[in-house]
Amino acid sequence: MATKKEKKTRIAAVGDIHVRETDNGKWKDYFAKASEEADVLLLCGDLTDTGRTAEAEVLVEELKSCSIPVVAVLGNHDYERDNQKAIRKILMKQNVHMLDGDSIVIGDVGFAGVKGFGGGFDNAMLGMFGEPMIKQFVQEAVDEALKLDGALSRIDSDNVDVKKIAVLHYAPIKATVLGEPEQIFPYLGSSRLAEPINRREVIAAFHGHAHIGTLAGETSKGVKVFNVSKPILVKEGYDPAFFIFEV
């Protein structure tokens, strides 16, 4: 007797779209095309260009052409004017699943998301020692990793046989920021984010932020990591510029 073929979930992922106030009409075809080619759209931070609520309002209008679920995290640009809470609310009104230590299950795939933070990678990772401001910087990275761990844990506790995807803005590994100036690696991500990704048996992680980094890499445990910053996807020849991943 033939076994029933398992249905794949197609994920379209992109980061760093940097929507501007003058972008009316620019993204409608893009989001419509993503809806044709995928079942879920991931937006990996820097949704707005300068953190203005007016930019978020333009984005929600453009997203009306998107007919699939949208899962998103904020990026550092979205925090620029301290409007991150308002931006989050604006996007949630368009039924965007905004993740900040939260999770959402769509079909048989669970998505856990945080913005993440910097701090560096591997043996060069910044330690919590010295001046209070250094400790505060490191604590932010620790807190983001703990939020990601909690979100992944809730997927496991509330569901059976759900495949897990991590959605980030900052990078969890060094491999996907290679190409950027080495001096700024500490501001592009942190290995602290990789720990819960490895331990919770995540299928893949997606991030942006490093515009001239590297598309793909792996954690120390072999979890696939993709830097889907839009400039990288354009450079790699993706047209339209979103990355398709099947789970």
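Counting begins at 1 with the first residue of the sequence.
- For the side chain to side chain donor-acceptor pair (under 3.5 Å) with His18, the qualifying choice from Asp49, Thr50, Thr48, Asp23 is Asp49, the only one to do so.
- Atom CZ of Arg154 has more than 12 heavy atoms from other residues, nucleotides or ligands within 6.0 Å.
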Check step by step if side-chain hydrogen bond (donor to acceptor under 3.5 Å, both in side chains) holds for Asp16 and Ser229.
CA-CA 5 Å; Asp16 306 285; Ser229 178; 3.0 Å; yes

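- Between Phe245 and Phe226, the ring-plane angle classifies as tilted under the 30° and 60° cut-offs.
- Exactly one of Arg199, Arg192, Lys164 qualifies for a salt bridge (Lys or Arg N to Asp or Glu O under 4.0 Å) with Asp149. That residue is Arg199.
- Taken from OG1 in Thr176 to NE2 in His207, the straight-line distance is 3.0 Å, to the nearest 0.5 Å.
- Atom CD1 of residue Ile11 and atom CD1 of residue Ile165 lie 4.5 Å apart, to the nearest 0.5 angstrom.
- In the hydrophobic clustering of this structure, Ile232 does not group with Val234; members are Ile, Leu, Val, Met, Phe, Trp, Tyr whose side-chain heavy atoms approach within less than 4.5 Å, directly or through other members.
- The number of heavy-atom neighbours closer than 6.0 Å to OH of Tyr187, taken from other residues, nucleotides and ligands shown, is 12 or below.
- A salt bridge links Glu62 with Lys28; the closest basic N to acidic carboxylate O contact falls under 4.0 Å.
- The two atoms that bring Asp122 and Ser191 nearest to each other are N-OG, 2.8 Å, heavy atoms only.
- Going from atom CD1 of Ile197 over to atom OG of Ser220 covers 10.5 Å, rounded to the nearest 0.5 Å.
- Of all heavy-atom pairs spanning Leu43 and Val70, the tightest one is CD1-CG1, 3.8 Å.
- For Glu201, the CD atom counts as loosely surrounded, since its 6.0 Å shell holds 12 or fewer non-hydrogen atoms of other residues, nucleotides or ligands.
- Rounding to the nearest 0.5 Å gives a distance of 11.0 Å between SG of Cys66 and CD of Glu36.
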Decide yes or no on side-chain contact (heavy atoms from CB on, under 4.5 Å) for Leu47 and Leu74, but give the supporting numbers first.
CA-CA 7 Å; Leu47 313 180; Leu74 296 180; 4.0 Å; yes

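- Val73 and Leu42 fall within a single hydrophobic cluster, where Ile, Leu, Val, Met, Phe, Trp and Tyr are joined by side-chain heavy atoms under 4.5 Å apart, directly or via other members.
- Grouping the Ile, Leu, Val, Met, Phe, Trp and Tyr side chains by contacts below 4.5 angstrom, directly or via other members, places Val109 apart from Val225.
- In the displayed structure, Lys224 atom NZ is contacted under 6.0 Å by at most 12 heavy atoms of other residues, nucleotides or ligands.
- Going from atom CD1 of Ile87 over to atom CG of Asp82 covers 10.0 Å, rounded to the nearest 0.5 Å.
- Of the charged side-chain nitrogens involved, none lies within less than 4.0 Å of a carboxylate oxygen, so that Asp108 and Lys7 do not count as a salt-bridged pair.
- With sequence neighbours excluded, the residues that form a side-chain hydrogen bond (donor to acceptor under 3.5 Å, both in side chains) with His169 are Asp46, Asn76, His209.
- Once rounded to the nearest 0.5 Å, the distance linking CD of Gln136 with CE of Met133 reads 6.5 Å.
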Output, in order, the C-alpha distance, side-chain angles, deciding distance and verdict of side-chain contact (heavy atoms from CB on, under 4.5 Å) for Leu233 and Val228.
CA-CA 6 Å; Leu233 298 178; Val228 292; 4.3 Å; yes

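- Aromatic ring orientation, Phe243 versus Phe206: tilted (interplanar angle from 30° to 60°).
- Ion pairing between a basic and an acidic side chain is recognised when a charged N comes within 4.0 Å of a carboxylate O; Lys147 and Asp100 show such pairing.
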